[in-house]
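Read the structure below first, then the notes.
Ligands are counted one by one from 1 in listed order, and the atoms in each one are counted from 1 as well.
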Amino acid sequence: MCHGGVDLGELRAAVGDALVVAPDVVDGYRLDRAHFCPAGVPLGLVRARSRDDVVATLRWASAHRVPVVPQGARTGLSGGANAVDGCLLLSLDQMTAIRAIDPVERIAVVEPGVRNADLTRACWEHGLTYPPDPSSWEISTIGGNVATNAGGLCCVKYGVTREYVRALEVVLADGRVLRTGTATAKGVAGYDLTSLLVGSEGTLGVVTEVTVRLVPRPADPLTAVAFFGSARGACETVLDHRASGARPSMLELMDRGSLEAVARLKDLGFPEGTGAMLLVQSDDPDRAGAELDAFAEVARRRGGEVVVAEDREEAELLVEARRLFSPAHAALGTDLVDDVCVPLTRLADLVDGVEAIGRERDVAVMTSGHAGDGNMHPVVVFDGGDPASAARAEAAFAAIMRLGIALGGTITGEHGVGRLKVPFLGEEVGSASVDVHRSIKAALDPLGILNPGVVLGP
Ligand SMILES: Cc1cc2nc3c(=O)[nH]c(=O)nc-3n(C[C@H](O)[C@H](O)[C@H](O)COP(=O)(O)OP(=O)(O)OC[C@H]3O[C@@H](n4cnc5c(N)ncnc54)[C@H](O)[C@@H]3O)c2cc1C
């Protein structure tokens, strides 16, 4: 069985029907959700059903020096799951078993293709929850979340994926199986390989099992919003609220552009001419009311108009504005999603600077994001069919990352470097760090077959 000049017979013998070469099926797996990220033509696709399929695929790929691109649900926004020419796509989306939920140890053991929402809901049945909640929680996989160290809305209080991963089973590039970490609450034997692998974007190994820490399911949160004339008032409120000692379980900001985009999709009855909105939740069973009162006080002091949700329905409506942001900007044209994270004291400078970049480059930029973490998603919207518009958008996208670095922050708070941000990694981390990255990559993947081009580039 020869495909693209490569004999796939041995691989077929090892993984059987998990290997797919039908171009119409394989084509559907070439890309994630990022724009401006070219994708190559793969040799084929392995939809692994078990760790053994992954081992066999990587042994074969090592023997034949064929690149392998691991994939979860391809909801990534950095091109990290995009095909390269002549690669094998290795999808983990069939490995969806939740192997155990242990209410005593408060851990869950899952296969990588489990959707975040499926795990979270399964934990709820035990009075527990898995907190990291990317907005893509219904569609993204735990394996993808681990590989990108995904964040989300409630991470402002509960932290990101890395803080919940206790142990991993990972298949290395040569097919060896590596176990990292322990299921126990404590464990310091050897280097912290679990942390190294979390966020490694499929470049160091393929995750085939994840053990995560769980926490008791919090109470239903109380919700409020504050509408401001300008984004600066909203950003100052974020600082004041944090300084008050409050521990919000959500603290999100939407600027004028993002509110206008959402209003085009659905009229939520928000005040006309709003310059920015803050959305806050508190799930503290004892202090939620007091925390929202404190929020209302600081927001009003900064010129905000505050609405506290009276019931669950009203709360849902307020949160919906934030959830509608992704479909709202996607409906306006081609979109490029930035992911800069800055120290909280520079949040207002980031939002103002992004607005200025949009004006200077003559492109629409709308900003929304996890203000309580300083992690914002300025979205550049442009006409993908017009090369001049696309060039201006690409320049604005780059300028926003450089602004993030200049403000003491990072080019990516949660979406990863992927292929999209490779040119900017060195600018942020410096040459010594890039050298260390390369040494680690060479130690774990000496043939360079795992997700080549991602994070470090060619
Ligand atoms: C509407 C929308 C909202 C989003 N909101 C958020 C958000 O709030 N927070 C956030 O962090 N992200 C968000 N994202 C981005 C994306 O959902 C996350 O990056 C998610 O973690 C990717 O998971 P996935 O299963 O789709 O992985 P993929 O996109 O398939 O892969 C992502 C990366 O992980 C690697 N990978 C995947 N599975 C494995 C594995 N088993 N072993 C090794 N490597 C693997 C891939 O090679 C790739 O580099 C959003 C995306 C969309 C479309």
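Distance from atom 12 (N) of ligand 1 to its nearest protein heavy atom, with residue and atom name: H415 CD2, 3.5 Å. Annotation: atom 24 (P) of ligand 1 to nearest protein heavy atom, A73 N, 3.5 Å. The shortest contact between atom 31 (O) of ligand 1 and any protein heavy atom is with A81 CB, 3.9 Å. Nearest to atom 28 (P) of ligand 1 among the protein's heavy atoms is R74 N, 3.6 Å. Summary of contacts: the protein heavy atom closest to atom 39 (C) of ligand 1 is G143 O, 3.9 Å. Closest to atom 41 (N) of ligand 1, if we only count protein heavy atoms, is V207 O, 3.1 Å. Of the protein's non-hydrogen atoms, the one nearest atom 44 (N) of ligand 1 is G202 CA, 3.3 Å.
At least one N or O atom of T75 sits closer than 3.5 Å to an N or O atom of ligand 1. At under 3.5 Å, not a single nitrogen or oxygen of R33, backbone or side chain, sits near a nitrogen or oxygen of ligand 1. Residue contacts with ligand 1: G151 is placed with a nitrogen or oxygen under 3.5 Å of a nitrogen or oxygen of the ligand (distance criterion only). Checked by distance only, ligand 1 and G80 come closer than 3.5 Å through their nitrogen or oxygen atoms. Ligand 1 has no N or O atom lying under 3.5 Å from any N or O atom of A147, backbone or side chain.
The shell of residues lying under 4.0 angstrom from ligand 1, judged by heavy atoms, includes V206. For G205, the heavy-atom gap to ligand 1 drops under 4.0 angstrom. Under the 4.0 angstrom criterion for non-hydrogen atoms, N145 is in contact with ligand 1.
Each of the following atoms of ligand 1 lies closer than 4.0 Å to a heavy atom of L92: 41 (N). Residue-ligand proximity, S135 to ligand 1, at heavy-atom distances under 4.0 Å covers atoms 3 (C), 5 (N), 6 (C), 7 (C), 8 (O). The distance from ligand 1 to the heavy atoms of G72 drops below 4.0 Å at these ligand atoms: 25 (O), 28 (P), 30 (O), 37 (C), 38 (N). The ligand atoms of ligand 1 that sit less than 4.0 angstrom from a heavy atom of P112 are 41 (N). Atoms of ligand 1 found under 4.0 Å from any heavy atom of A150 (numbered from 1 in listed order, with element): 11 (O), 21 (O).
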For D93 and S91: C-alpha separation, side-chain torsions, deciding distance, then whether side-chain hydrogen bond (donor to acceptor under 3.5 Å, both in side chains) applies.
CA-CA 6 Å; D93 69 354; S91 173; 2.9 Å; yes
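Looking at S326 against ligand 1, only its side chain comes within 4.0 Å, counting heavy atoms. Residue T141 touches ligand 1 through backbone and side chain together, judged by heavy-atom distances below 4.0 Å. With a 4.0 Å heavy-atom cut-off, ligand 1 is reached by the backbone of P70 and by its side chain too. Contacts of N451 with ligand 1, taken as heavy-atom pairs under 4.0 Å, involve the side chain alone. Contacts of T148 with ligand 1, taken as heavy-atom pairs under 4.0 Å, involve the side chain alone.
For D17, the CG atom sits in a loose shell: 12 or fewer heavy atoms of surrounding residues, nucleotides or ligands are nearer than 6.0 Å.
Using a cut-off of 4.0 Å between Lys/Arg side-chain N and Asp/Glu carboxylate O, K266 and E320 are scored as salt-bridged. Using a 4.0 Å cut-off between charged nitrogen and carboxylate oxygen, E138 and R121 count as a salt-bridge pair. A salt bridge between E163 and R213 is absent, with no side-chain N of the basic residue lying under 4.0 Å from a carboxylate O of the acidic one. Salt bridge status for R247 with E291: absent, with no side-chain N to carboxylate O gap under 4.0 Å. Ion pair R402/E427 flagged as a salt bridge, since at least one NZ, NE, NH1 or NH2 atom sits closer than 4.0 Å to an Asp/Glu carboxylate oxygen.
Considering S91, G369, G76, G144 only, the shortest heavy-atom separation from atom 29 (O) of ligand 1 involves G76. Atom 3 (C) of ligand 1 has its nearest heavy-atom neighbour, among A48, P132, S136, in S136. Nearest-residue assignment for atom 49 (O) of ligand 1 (options R115, E414, E201, Q71; heavy-atom criterion): E201.
A side-chain donor-acceptor contact under 3.5 Å links R30 to the backbone of G40. When atom types are taken as modelled, the side chain of D32 and the backbone of N82 share no donor-acceptor pair closer than 3.5 angstrom. Judged by distance alone, the side chain of E201 and the main-chain N or O of V417 form a donor-acceptor pair under 3.5 Å.
Nearest heavy atoms, A73 versus T141: N-CG2, 3.7 Å.
With no hydrogens or angles considered, no side-chain donor-acceptor pair links S62 and D174 at under 3.5 Å. There is a side-chain donor-acceptor pair under 3.5 Å between S78 and K421.
Below 30°, between 30° and 60°, or above 60°: for H415 and H377 the angle between ring planes is below 30°, a parallel geometry.
Rounding to the nearest 0.5 Å gives a distance of 7.0 Å between CZ of F424 and CZ of F397.
A cation-pi arrangement is present between R74 and Y29, with the terminal nitrogen or guanidinium carbon under 6.0 Å from the aromatic centre and inside a 45° cone about the axis.
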